[in-house]
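Okay, structure first, notes after.
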There are 2 protein chains.
Amino acid sequence: MPDSAIRPRKEFGKTIAADITHRLREEIVTCSLAPGEPLRFDVLRERFGASFTTLREALTALTAEGLVDAQEQRGFRVAPVSRQDLVEVTDARVLIEVELIRRSIQRADDDWEIAVISTLHRLKRIEQRDPEHPLRDPEWKIAHRQFHQALVSACGSATLLAIRAELFDRAERYRHLSANFRPRPRDKAGEHQAIMQAAISRNADLAAQLIETHIRSTADNVAKYAGHLLEAE
Amino acid sequence: MPDSAIRPRKEFGKTIAADITHRLREEIVTCSLAPGEPLRFDVLRERFGASFTTLREALTALTAEGLVDAQEQRGFRVAPVSRQDLVEVTDARVLIEVELIRRSIQRADDDWEIAVISTLHRLKRIEQRDPEHPLRDPEWKIAHRQFHQALVSACGSATLLAIRAELFDRAERYRHLSANFRPRPRDKAGEHQAIMQAAISRNADLAAQLIETHIRSTADNVAKYAGHLLEAE
DNA sequence: AACGATATGATTTTCGAAAATGCCCGTAGC
DNA sequence: GCTACGGGCATTTTCGAAAATCATATCGTT
């Protein structure tokens, strides 16, 4: 069927609202929409070409994910950032991600192992090609997300995976926040490699510890380089 | 201001959408709307007296909470129940609730202690008054929720508390599911009392262990008495 | 009879106008 | 000068009609 022309209005089988939710989430996570920024309907209407109600639905969904802040009767705004929130998100991520990687290693099968190895491989290829500021590269971002996703994918709990995904997005926003101020990316490649090796060799304790360090040091970096952005009340 | 007449359309300062979300959540958690039941707009419109879009917003919010299942282009339905989901929710609750009670005990202050004691006191008073099938008593439900809430309230993480609250609701739905088939409520009063004592005496290990047992045995009871409802695919 | 295409009805999804609400500023009263 | 009140404007929130999509029944062909 001719779903037409230059730009398909939405992906096949999806509602416009779901599509807008996706695009809005992306813009918020990448800080293309700045933390605390008011989300007025006129502006969003123009930017996304959807009606009030459709936008409202998307904003409601993102509110539940902690990326948007709903102020009843006074509209929406991008969820503000703060040191406290960064600490909470980091703590929650450690708690859950450590548990999930343990469960994944315990229940690991061939598919899991293949997924971990291949996603890391792709990540490294992308890093080789363009070693500067990887967060600016959408491909790196996707590959990075998929590697971490693969690590926990065998945990067996869709419930916890959904929570993890939400926290990952909230943390990624902080990473983007600091990316513009960080002089050089630290050596994540080595950390990823070490995590993969621990996971593949079924060393759950080591993998858990490495993941915790990985998450915490990333957060520390954010606090270090974007600290000045975390004070606004 | 005359916000009028017989029945206020919504609570003060709240949007209709938020109000509907609240009422819908209540009906789903109490299984007044049965698991898997399709949520058609005509029906909801009549029942809640709101328009398509307002209802849609509420359903979207509840979808994010895991209480509603959105089937794109084919409407919404009450999230189905299953053994697997019950296990996941129980596991996730244990993971988070145990951690939160530890943190709460560690950071405990006077307000926390008072809240724990007084919420348990109210719970016991209600149980004395009407010892049969407490889940049918809305007051008991609220008091029960508030006691468990108080226990973890000092943990210091709004992020984890929000996740905990979501899981609590999902678990409560399973409790309601089995309430109609359970011959007699088991002795929860004693368990609550023991948890309170462990918490007040700052015995984090014991409190954590008691909470875990409490959550798991509740789930076991659900599986036992509502097992026949958890099979539908 | 079995299968596929197509029309028809039911339901969801989207839209922009209309109502409700909050905000800002100017004015009055103390 | 300062606070309280009220009008007008900006913005959000709600509504029901209209468009889009899905499910079902009907019909024609093999």
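A, B, ... follow the sequence lines: proteins, then strands. Residue 1 opens every chain.
The side chain of A:Arg45 places an N or O atom within less than 4.0 Å of a non-bridging phosphate oxygen (OP1 or OP2) of C:dG16.
At whole-Å resolution of the value, CZ in A:Phe48 and P in C:dT14 are 15 Å apart. The nearest whole Å value for the distance from the CZ atom in A:Phe41 to the P atom in C:dT21 is 16 Å. Residue B:Arg56 contributes atom CZ, which lies 11 Å from atom P of C:dC15 at whole-angstrom precision. Put simply, CD on A:Gln71 is 13 Å from C1' on C:dC23, counting in whole angstrom units. D:dC15 atom C1' lies 13 Å from atom CD1 of B:Ile20, rounded to whole Å. Straight-line distance from the CD1 atom of B:Ile16 to the P atom of C:dA20: 10 Å, rounded to whole Å. Here C:dT13 presents its P atom at 12 Å from CG of B:Leu44, a figure rounded to the nearest Å. The distance from atom CG of A:Asp19 to atom P of C:dT13 is 14 Å, rounded to the nearest whole Å.
Residue B:Thr54 has its side chain nearest to D:dT14 when only D:dT14, D:dT11, C:dC15 are considered. Listed candidates were C:dT14, D:dC15, D:dT12. Nearest to the side chain of B:Ala50 is D:dC15. Side-chain proximity of B:Ser51 to D:dT13, D:dG16, D:dT11: nearest is D:dG16. The nucleotide whose nearest atom lies closest to any side-chain atom of B:Arg74 is, among D:dC22, C:dC23, D:dT13, D:dC22. Considering only the side chain of A:Thr15, C:dT14 comes nearest among C:dT11, C:dC15, C:dT14. Checked against D:dT14, C:dT21, D:dC22, the side chain of B:Gln73 finds its nearest nucleotide in D:dC22.
Between the side chain of B:Glu88 and the backbone N or O of A:Thr159 there is at least one donor-acceptor pair closer than 3.5 Å. Remark: side-chain polar atoms of A:Glu97 are not paired, donor with acceptor, to backbone N or O of A:Val94 under 3.5 angstrom.
Within the nucleic acid shown, A:Leu39 comes within 4.0 Å of sugar-phosphate atoms alone, with no base atom in reach, counting heavy atoms only. Heavy atoms of A:Phe76 sit under 4.0 angstrom from primed sugar atoms or phosphate atoms, though from no base atom. When heavy atoms are screened at a 4.0 angstrom cut-off, B:Leu55 is found touching no nucleic acid atom at all.
With rounding to the nearest 0.5 Å, the separation of CG in A:Leu44 from CZ in A:Arg56 is 12.0 Å.
For the residue pair B:Tyr225 and B:Asn180, no side-chain donor N or O sits within less than 3.5 Å of a side-chain acceptor on the partner.
Nearest-nucleotide mapping onto DNA chain C: of A:Ala18 and A:Phe52, the residue sitting toward the 5' end is A:Ala18.
For A:Arg216, the CZ atom is densely surrounded, since the number of other residues' heavy atoms within 6.0 Å is greater than 12.
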